[in-house]
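Single-structure report; data block below.
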Amino acid sequence: MRPAPPAPPSLTRRRALLGLAALAAPACRRSGPPPTAAAAWKELAFEPASAGEGPQRALLLAPEGAATLPMLVALHGRGEAVRGLEVGARGWRDDYRLDAALARILSPPLTPDDLGQMVTPGRLAQLNASLKEHPYRGLCIATPFTPDLRDRSVAGAADFGRFVVERLLPRARAESGCQAAREATGIDGVSLGGRLALLVGLSHPDVFGAVGALQPAVRADEAEMFSALARRAMERRAVALRLVSSEADPFLPAIQALSDRLRRDGVAHELLIAPGPHDYAWNRGPGGVEMVLWHERVQRGLRPP
């Protein structure tokens, strides 16, 4: 982990404008065809539970030996949200190519190419040292459709949070047989999904022992709101919390502002700033690798790299 150097005022203003634009448009650009779907992924359909709800979709990865594995809920970005239920649910598998990242994590050492050349030598050494000391054992991963909500408040995310906690997790656990303890349950996501992972995860600290956010689509003026939510969560149960951004992420200034506020408020968390932009290439490189490794380490009770 390393702090980003201070940006000149012109660059800070440019990043802020880019961040606002990213909230109003798909956060990532798709490039290249998706890989062939892995047989281990299972598609889950959810019909509306009440008159006010719509249908939902999710993918579930349940590797061999799932009964011993933790569970991760991974949320996609706005680029998938605007393309519908099926595309969104398949986002981590098809658009972000998570299978490729998992295959490399299972066959270390990782190389710069495995992270799209968006990794420092020091960070790569940390990741490989962790894998050498404790080989990756796997995660069960559920990837639901992530809605682009008009109400971006804590209350606005409540219905989606209830779906994740009351319908997605019980079914994913029943169909995979994975661990159900809160310490072995995490939530994470990228961009729009990172924002919702913070809102949902920190609203349910009794369910999630680990909460992460990759390049979350937050604003600097929301730092107080997110920090208050995190403080309330930590008062109930200790939660492992991590924020990840990148040097060319338009949300970087806001994420740094959130981290600064969390630190002032005494909320324990990690901040990692990687090389790279806010796009599909980053999701397929540092995004997927960092997300999977951090959760698998934390949810196994190991020190993350």
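In this text the structure is predicted, and so the values were computed from the model without any measurement. One-based numbering along the sequence shown.
- The closest donor-acceptor contact from the side chain of R297 to the backbone of H134 lies under 3.5 Å.
- A donor-acceptor contact closer than 3.5 angstrom is absent between the side chains of T111 and D113.
- Minimum interatomic distance between P205 and S203 (heavy atoms only, all atoms of both residues): CD-C, 3.4 Å.
- Residues F163 and P144 share a closest heavy-atom pair of CE2-CB, 4.2 Å.
- Nearest heavy-atom pair across G54 and P48 is C-CG, 3.7 Å.
- A distance-only check finds no donor-acceptor pair linking the side chain of H295 to the backbone of L293 [under 3.5 Å].
- The structure places CD of Q256 at 14.0 Å from CZ of F251, a figure rounded to the nearest 0.5 Å.
- Aromatic ring orientation, H76 versus F145: tilted (interplanar angle from 30° to 60°).
- You'll find the side chain of L115 reaches within 4.5 Å of the side chain of L127, heavy atoms only.
- A donor-acceptor contact closer than 3.5 angstrom links the side chains of R263 and S259.
- Under the 3.5 Å distance criterion, with hydrogens and angles disregarded, no donor-acceptor pair is assigned to the side chains of T143 and R90.
- Salt bridge annotation for R264-D260: absent, with no cationic side-chain nitrogen under 4.0 angstrom from a carboxylate oxygen.
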Show the numbers, then the answer: is there a side-chain contact (heavy atoms from CB on, under 4.5 Å) between V73 and D188? CA-CA 6 Å; V73 176; D188 212 314; over 6 Å; no
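- No side-chain donor-acceptor contact under 3.5 Å links D148 to the backbone of A81.
- Looking at E290 and R123, a side-chain N of the basic residue comes within less than 4.0 Å of a carboxylate O on the acidic one, giving a salt bridge.
- Using modelled atom types, no side-chain atom of D265 and backbone atom of S227 make a donor-acceptor pair closer than 3.5 Å.
- Side-chain contact check for F160 versus L199: every heavy-atom pair is 4.5 Å or farther apart.
- Judged as a side chain to side chain donor-acceptor pair (under 3.5 Å), not a single pair has a partner in residues 58-69 (not counting sequence neighbours).
- Proximity of L131 to I105: side-chain heavy atoms (C-beta onward) are separated by under 4.5 Å at one or more points.
- Remark: L241 CG to L262 CG distance equals 6.5 Å, nearest 0.5 Å.
- Pairs of residues two or more places apart, or lying in two chains, that qualify as side chain to side chain donor-acceptor pair (under 3.5 Å) and include a residue from residues 166-182 are K42-E175, R171-E175, R173-T185.
- In this structure, L85 is not a member of the same hydrophobic cluster as L44, with clusters built from ILVMFWY side-chain heavy atoms closer than 4.5 Å.
- Salt-bridge annotation for R231 and E235: absent, with no side-chain N of the basic residue lying under 4.0 Å from a carboxylate O of the acidic one.
- With no hydrogens or angles considered, a side-chain donor-acceptor pair links S191 and H278 at under 3.5 Å.
- Q299 places no side-chain N or O within donor-acceptor distance of the main-chain N or O of E296, the cut-off being under 3.5 Å.
- Taking CE of M234 as the start and CG of L229 as the end, the distance is 10.0 Å to the nearest 0.5 Å.
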Can R83 and D95 be said to form a salt bridge (Lys or Arg N to Asp or Glu O under 4.0 Å), step by step? CA-CA 12 Å; R83 290 156 59 205; D95 291 307; 3.6 Å; yes
F208 vs E183, side-chain contact (heavy atoms from CB on, under 4.5 Å): CA-CA, chis, key distance, verdict: CA-CA 7 Å; F208 298 102; E183 293 78 10; over 6 Å; no
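- Contact of the L124 side chain with the P112 side chain is registered, since non-hydrogen atoms from C-beta on lie closer than 4.5 Å.
- For the atom pair CZ of R242 and CG of L198, the computed distance is 12.5 Å after rounding to the nearest 0.5 Å.
- Using a 4.5 Å heavy-atom cutoff, the side chains of L272 and L243 are not in contact.
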Please test V289 against D114 for side-chain contact (heavy atoms from CB on, under 4.5 Å), starting from the C-alpha separation and ending with a verdict. CA-CA 9 Å; V289 170; D114 297 325; 5.7 Å; no
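- Residues W92 and L75 approach most closely at NE1-O, 3.1 Å, considering heavy atoms.
- Note that SG of C140 is 6.5 Å distant from CG of L60, once rounded to the nearest 0.5 Å.
- Residue L61 comes nearest to A40 through the heavy atom pair CD1-CB, 3.5 Å, listed as atom of the first residue, atom of the second, then distance.
- Cluster partners of W294 are V298, counting Ile, Leu, Val, Met, Phe, Trp and Tyr whose side-chain heavy atoms approach within less than 4.5 Å, directly or via other members.
- Classification of E133 and R303 as a salt-bridged pair fails, no side-chain N sitting under 4.0 Å from a carboxylate O.
- When the options I141, L214, V244, N283 are evaluated for a side chain to side chain contact (heavy atoms under 4.5 Å, CB included) with M291, the one that passes is L214.
- Scanning all heavy atoms of the two residues, the minimum distance from P216 to I255 falls at CD-CD1, 3.4 Å.
- The backbone N or O of R152 sits nowhere less than 3.5 Å from a side-chain atom of E222 that would complete a donor-acceptor pair.
- Within a 6.0 Å radius of CD in Q117, more than 12 heavy atoms belonging to other residues, nucleotides or ligands are found.
- Looking only at distances, a side-chain donor or acceptor of W282 sits under 3.5 Å from a matching main-chain atom of P275.
- Residues P55 and R57 meet the side-chain proximity criterion, which asks for heavy atoms closer than 4.5 Å.
- Between V292 and Y136, some side-chain heavy-atom pair lies under the 4.5 Å cut-off.
- By the criterion of side-chain heavy atoms lying less than 4.5 angstrom apart, applied directly or through intervening Ile, Leu, Val, Met, Phe, Trp or Tyr residues, W41 is grouped together with L106 in one hydrophobic cluster.
- L196 contributes atom CG, which lies 5.0 Å from atom CG of L192 (distance to the nearest 0.5 angstrom).
- Between R236 and D206 a salt bridge is recorded (basic side-chain N to carboxylate O distance below 4.0 Å).
- No side-chain heavy atom of L69 sits under 4.5 Å from any side-chain heavy atom of L139.
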Full working for side-chain contact (heavy atoms from CB on, under 4.5 Å) between R93 and L98: CA-CA 5 Å; R93 185 193 69 183; L98 189 58; 5.8 Å; no
